[in-house]
Amino acid sequence: MIDEAGVLGEPALAAAPALLGATITGRGVTVRITEVEAYMGETDPGSHAFRGLRQRNRHLFGAPGTLYAYRSYGIHTCLNVVSGPDGFASGSLLRAGAVVEGVSLARERRGGRVPDVGLARGPGNLGQALGAMLTDDGSSVLDGRGPYVLRFADGLEERLASSTTALLDESLADGRPRISVGPRVGVGGVAGGRAFPWRFWLTGEPTVSSYRRHPQATD
DNA sequence: CTTTCGATATTCT
DNA sequence: GAATATCGAAAGC
């Protein structure tokens with residue numbers, strides 16, 4: 001039987017697609033996650049853990065279900081859900097979602113004239129819609145004592161019963177994969193000259209952020 | 001729809 | 001100093 005801690009006990013490459021369709025609730029807003037990226041330990045050149053344990057990234061090395069919150073480009077607060085195994089600096093960056101509860105509060109936080117579909121589109125915007133703060137760094141999304149609680153989508157157990165590959169192949173019923181895979185956004189570091197296809201999103205979701213080529217990408 | 005560019009704080013060279 | 005897991009406005013298609 002796979003519970004939430006069990007899913008997050010897996011490295012981010014397996015846990016990240018399982019986060020799609022899950023909800024994160026806190027500070028009056030619930031977001032249904034539609035886009036994530038996997039970051040895989042100290043050997044992943046795109047990961048904040050690449051240069052080893054630092055003050056900022058210490059919670060990436062923490063227990064599964066820990067929140068890793070960091071300041072991006074000096075302005076935005078972005079959220080990762082840490083996954084296992086314990087001590088492996090593996091996390092899933094929450095890149096986009098659909099606000100399903102607390103829409104008016106999310107609108108207030110975003111300010112201006114933002115269409116509802118864009119309230120949590122992009123990692124910085126998702127953090128802002130949820131009211132995330134740097135002090136959320138290190139809290140848990142599983143024990144109910146932190147500011148946010150993560151709930152997986154119904155039927156996740158069956159979908160994970162065999163493997164991540166099965167999860168990605170699932171729901172080909174209408175001819176389109178439900179989950180799409182592509183290169184990560186804004187990550188210059190590549191190994192062997194190829195980007196890792198470690199970005200996952202729900203196919204056709206209007207809340208998914210549009211892909212932006214990294215400024216230093218050469219193609 | 002796309003591209004370009006400035007703002008901003010923390011980390012790293 | 002330079003780079004960065006980004007965003008929004010502005011301008012051109």
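Below, read A as the first sequence line, B as the second, and so on, with proteins coming before strands; counting in each chain starts at 1.
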Report the residues that fulfil side-chain hydrogen bond (donor to acceptor under 3.5 Å, both in side chains) with A/Thr66, sequence neighbours left out, ordered by chain and then residue number. none
Whole angstrom value for the distance that separates C1' of C/dT4 from CZ of A/Arg184: 14 Å
Atom-pair distance (CG on A/Leu94; C1' on C/dT6), nearest Å: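 In whole Å, C/dT6 C1' and A/Leu94 CG are 15 Å from each other.
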SB check [X] [Y] (cutoff 4.0 Å):
X        : Y        : value
A/Arg95  : A/Glu37  : yes
A/Asp137 : A/Arg71  : no
A/Arg107 : A/Asp116 : yes

Can you give one letter per nucleotide of nucleotides 7-13 of chain B, going 5' to 3': B for a protein heavy atom under 4.0 Å from the base, S for sugar-phosphate only, - for none? BBB-SSS
Please encode protein proximity along nucleotides 8-13 of chain C as a string of B, S and -, counting only heavy-atom distances under 4.0 Å. B-----
Checking [Y] against [X]: is there a side-chain donor and acceptor pair closer than 3.5 Å?
X        : Y        : value
A/Ser140 : A/Arg145 : no
A/Arg184 : A/Tyr39  : no
A/Ser90  : A/Ser83  : yes
A/Ser209 : A/Glu35  : yes

A/Tyr70-A/His48 aromatic ring centre distance below 6.0 Å: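 Distance test on ring centres: under 6.0 Å, yes.
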Heavy-atom check, side chain of A/Ile179 versus side chain of A/Leu20, under 4.5 Å: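 The answer is yes; the side chains approach within 4.5 Å.
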Between A/Leu8 and A/Val149, is there shared hydrophobic-cluster membership here, with clusters defined by ILVMFWY side-chain heavy atoms closer than 4.5 Å?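 Different clusters: A/Leu8 never reaches A/Val149 through Ile, Leu, Val, Met, Phe, Trp or Tyr contacts under 4.5 Å.
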Applying a 3.5 angstrom cut-off to the pairing atoms, does DNA chain C sit in any stems of at least three consecutive Watson-Crick or G-U pairs? List them by first number.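 Expected stems, ordered by start: B:1-7 with C:6-12, B:9-12 with C:1-4.
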Just to verify, what does A/Glu205 make a side chain to side chain contact (heavy atoms under 4.5 Å, CB included) with, not counting sequence neighbours?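 Per chain and number, A/Glu205 pairs via side chain to side chain contact (heavy atoms under 4.5 Å, CB included) with A/Arg32, A/Thr34, A/Leu202, A/Thr207, A/Val208.
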Go through residues 22-37 of chain A and report each residue with a non-hydrogen atom lying under 4.0 Å from DNA chain C, sorted by number. none
Before you tell me yes or no, could you show the steps for A/Arg27 and A/Tyr148 under side chain to side chain donor-acceptor pair (under 3.5 Å), namely the whole-Å CA-CA distance, both residues' side-chain angles and the distance that decides it to 0.1 Å? CA-CA 8 Å; A/Arg27 299 208 173 99; A/Tyr148 299 102; 2.9 Å; yes
